[in-house]
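Counting starts at 1 for both ligands and their atoms, in listed order.
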Amino acid sequence: MNILLLGPPGAGKGTQGERLADRLGLRKIATGDVLRAAVREGTEQGRNAKAYMDRGDLVPDEVILGIMKDALAAPASASGVILDGVVRTVPQAEGLERVLRELGRTLDVVLLFDVEDDELVSRLSSRTICESCQTPYSGRPPGETCEKCGGTLVRRKDDEPNAVRTRMKAYREQTAPVVEWYRRRADGANGTRLVTVNALGPVDEITERVMRELEK
Ligand code: AP5
């Protein structure tokens with residue numbers, strides 16, 4: 001099964017993506033994680049992506065299409081994937097369709113996480129991550145210690161208010177049209193379902209909502 005997670009920044013794509021990958025035994029691919037790892041490792045891709053990410057802008061399509069192609073062609077992806085934030089523009093949606101077609105696969109479900117703006121801002125402003133192992137925390141201030149590895153908690157640069165505003169704008173202007181693109185696809189004969197999930201409420205409850213949708 002191949003599943004794409006769509007939704008604004010802070011909608012819970014990463015949180016639910018982890019849980020769904022565990023529950024369904026699928027590999028999770030998150031372009032944000034791939035890019036942040038490249039920034040930490042100081043690769044050319046990371047150096048090029050950093051300025052876009054810090055501002056909250058989308059990284060150019062050709063970079064994402066390269067990541068998408070490599071990740072999907074890997075043997076670990078053969079039995080299905082959870083794609084977290086991998087598609088944020090219409091050219092990326094077209095690119096994903098092309099890559100999957102070349103691999104003889106299709107996208108089964110697009111899950112659109114729906115959360116109101118005030119809640120998104122509140123979630124992002126209270127998030128920290130471990131600078132060593134990248135574990136995310138909610139409501140734990142920067143400077144505290146990571147429970148998993150003892151590293152220090154820091155705020156993501158793109159969780160600063162200006163960058164959050166830019167990310168929300170990028171979502172409205174560049175990613176919202178992707179939802180319409182999939183809606184038209186779902187209405188046609190291509191077989192991809194578009195499912196809107198109410199992503200407000202306890203994390204466990206949202207996972208159960210998603211699982212019920214996937215069982216349909
Ligand atoms: P990325 O890391 O993917 O950022 P994002 O899409 O903005 O998503 P977030 O990680 O902020 O939020 P999320 O929806 O995953 O929510 P999460 O579960 O973390 O991308 C970063 C950047 O990389 C982009 O801005 C762009 O520059 C670049 N990029 C990546 N992919 C790209 C692409 N395809 N094209 C171009 N550029 C690309 O939850 C957020 C917080 O809320 C956490 O603290 C969590 O604990 C909390 N939370 C989760 N669920 C709940 C709940 N139910 N109730 C309360 N709190 C909750």
Side-chain angles (χ1 to χ4, degrees), residues 4-21 28-40 45-46 48-69 71-72 82-96 99 111-130 134-142 153-160 162-176 178 197-210:
L4 174 69
L5 310 184
L6 270 184
K13 304 181 293 296
T15 304
Q16 296 300 330
E18 284 293 330
R19 291 164 159 254
L20 294 174
K28 186 183 92 143
I29 299 170
T31 30
D33 292 346
V34 172
L35 291 166
R36 275 186 293 279
V39 170
R40 283 195 304 280
Q45 184 182 66
N48 293 336
K50 188 176 186 316
Y52 293 97
M53 296 174 76
D54 285 353
R55 284 195 305 268
D57 281 328
L58 295 185
V59 167
D61 287 340
E62 55 273 21
V63 176
I64 301 299
L65 291 169
I67 295 174
M68 200 188 267
K69 216 169 170 175
L72 283 163
I82 307 277
L83 300 168
D84 163 7
V86 170
V87 170
R88 297 178 201 227
T89 66
V90 170
Q92 291 178 16
E94 291 166 346
L96 175 64
V99 172
L111 294 173
L112 172 63
F113 290 101
D114 184 31
V115 180
E116 63 210 27
D117 283 5
D118 288 352
E119 169 72 10
L120 298 173
V121 171
S122 143
R123 287 183 188 181
L124 296 177
S125 62
S126 62
R127 167 167 62 189
T128 46
I129 57 166
C130 171
Q134 308 298 305
T135 299
Y137 290 90
S138 186
R140 298 265 315 269
L153 305 193
V154 294
R155 195 172 296 293
R156 259 171 59 171
K157 224 175 197 154
D158 63 350
D159 281 345
E160 299 295 339
N162 274 346
V164 168
R165 273 192 288 277
T166 306
R167 286 160 71 196
M168 305 278 243
K169 186 165 179 276
Y171 181 78
R172 279 193 301 273
E173 293 179 359
Q174 291 166 276
T175 310
V178 174
V197 179
N198 172 6
L200 271 179
V203 169
D204 287 345
E205 236 171 66
I206 296 164
T207 309
E208 293 314 317
R209 273 177 217 156
V210 171

Query raised in the report: Side chains of Thr207 and Arg19: is there a donor and an acceptor less than 3.5 Å apart?
Result: yes
Backbone or side chain, does any N or O of [X] fall under 3.5 Å from an N or O of ligand 1?
| X | value |
| --- | --- |
| Gly85 | yes |
| Leu124 | no |
| Gly56 | no |
| Thr31 | yes |
| Asp33 | no |
| Tyr52 | no |
| Pro9 | no |

Backbone N or O of [Y] within a donor-acceptor pair of the [X] side chain at under 3.5 Å?
| X | Y | result |
| --- | --- | --- |
| Arg127 | Ser138 | no |
| Ser125 | Val121 | yes |
| Gln45 | Val34 | no |
| Gln92 | Arg88 | yes |

Could you work out, for [atom], the closest of [options] by heavy-atom distance?
| atom | options | answer |
| --- | --- | --- |
| atom 5 (P) of ligand 1 | Met53, Glu205, Arg167 | Arg167 |
| atom 44 (O) of ligand 1 | Gln92, Arg127, Met168 | Arg127 |
| atom 48 (N) of ligand 1 | Arg140, Glu119, Lys50, Arg123 | Arg123 |
| atom 46 (O) of ligand 1 | Gly10, Gly95, Ser138, Gly139 | Ser138 |

Report task. With rounding to the nearest 0.5 Å, note down the distance linking CG in Leu120 to CZ in Arg167. Result -> 9.5 Å
Query raised in the report: Atom CG in Asp61, atom OG1 in Thr89: separation rounded to 0.5 Å?
Result: 3.5 Å
When you look for heavy atoms under 4.0 Å from ligand 1, do you find them on the side chain of [X], its backbone, both, or neither?
| X | value |
| --- | --- |
| Leu35 | side chain |
| Val59 | both |
| Ile206 | side chain |

Requested in this report: Work out which heavy atom in Asp158 is nearest to a heavy atom in Val164; give both atom names and the distance.
Outcome: O-CG2, 3.6 Å
Report summary line: Between Gln174 and Val178 the two heavy atoms that sit nearest each other are O-CG2, 3.8 Å
Requested in this report: Count the heavy atoms belonging to other residues, nucleotides or ligands that lie under 6.0 Å from OH of Tyr52, then report whether that count exceeds 12.
Outcome: no
If the contact criterion is a heavy-atom separation under 4.0 Å, does [X] count as touching ligand 1?
| X | result |
| --- | --- |
| Arg156 | yes |
| Pro136 | no |
| Arg36 | yes |
| Gly7 | no |
| Pro8 | yes |

**Report entry** Residues that Glu160 engages under salt bridge (charged side-chain N to carboxylate O under 4.0 Å, His left out), provided they are two or more places apart
**Finding:** none
**Report entry** Ion pair check, Asp54 and Arg156, cut-off under 4.0 Å
**Finding:** no
Query - Lys28 and Asp84 ion-paired at < 4.0 Å - result: yes
Give me the residue, atom name and distance of the protein heavy atom closest to [atom].
| atom | value |
| --- | --- |
| atom 16 (O) of ligand 1 | Gly12 N, 3.0 Å |
| atom 1 (P) of ligand 1 | Arg88 NH2, 3.6 Å |
| atom 45 (C) of ligand 1 | Thr15 OG1, 3.8 Å |

Under a 4.0 angstrom heavy-atom cut-off, which atoms of ligand 1 come close to [X]?
| X | value |
| --- | --- |
| Gly201 | 52 (C), 53 (N), 54 (N) |
| Asp158 | 21 (C) |
| Val203 | 50 (N), 51 (C), 52 (C), 53 (N) |
| Lys13 | 5 (P), 6 (O), 8 (O), 13 (P), 14 (O), 15 (O), 16 (O), 18 (O) |
| Asp57 | 26 (C), 27 (O) |
| Gly14 | 13 (P), 15 (O), 18 (O) |

Report task. With sequence neighbours excluded, tell me which residues meet side-chain hydrogen bond (donor to acceptor under 3.5 Å, both in side chains) with Asp57. Result -> Arg55
Query raised in the report: Do the non-hydrogen side-chain atoms of Leu72 and Met68 ever get within less than 4.5 Å of each other?
Result: yes
**Report entry** Audit row: Leu153, Thr135, side-chain contact (heavy atoms from CB on, under 4.5 Å) steps and yes/no
**Finding:** CA-CA 9 Å; Leu153 305 193; Thr135 299; over 6 Å; no
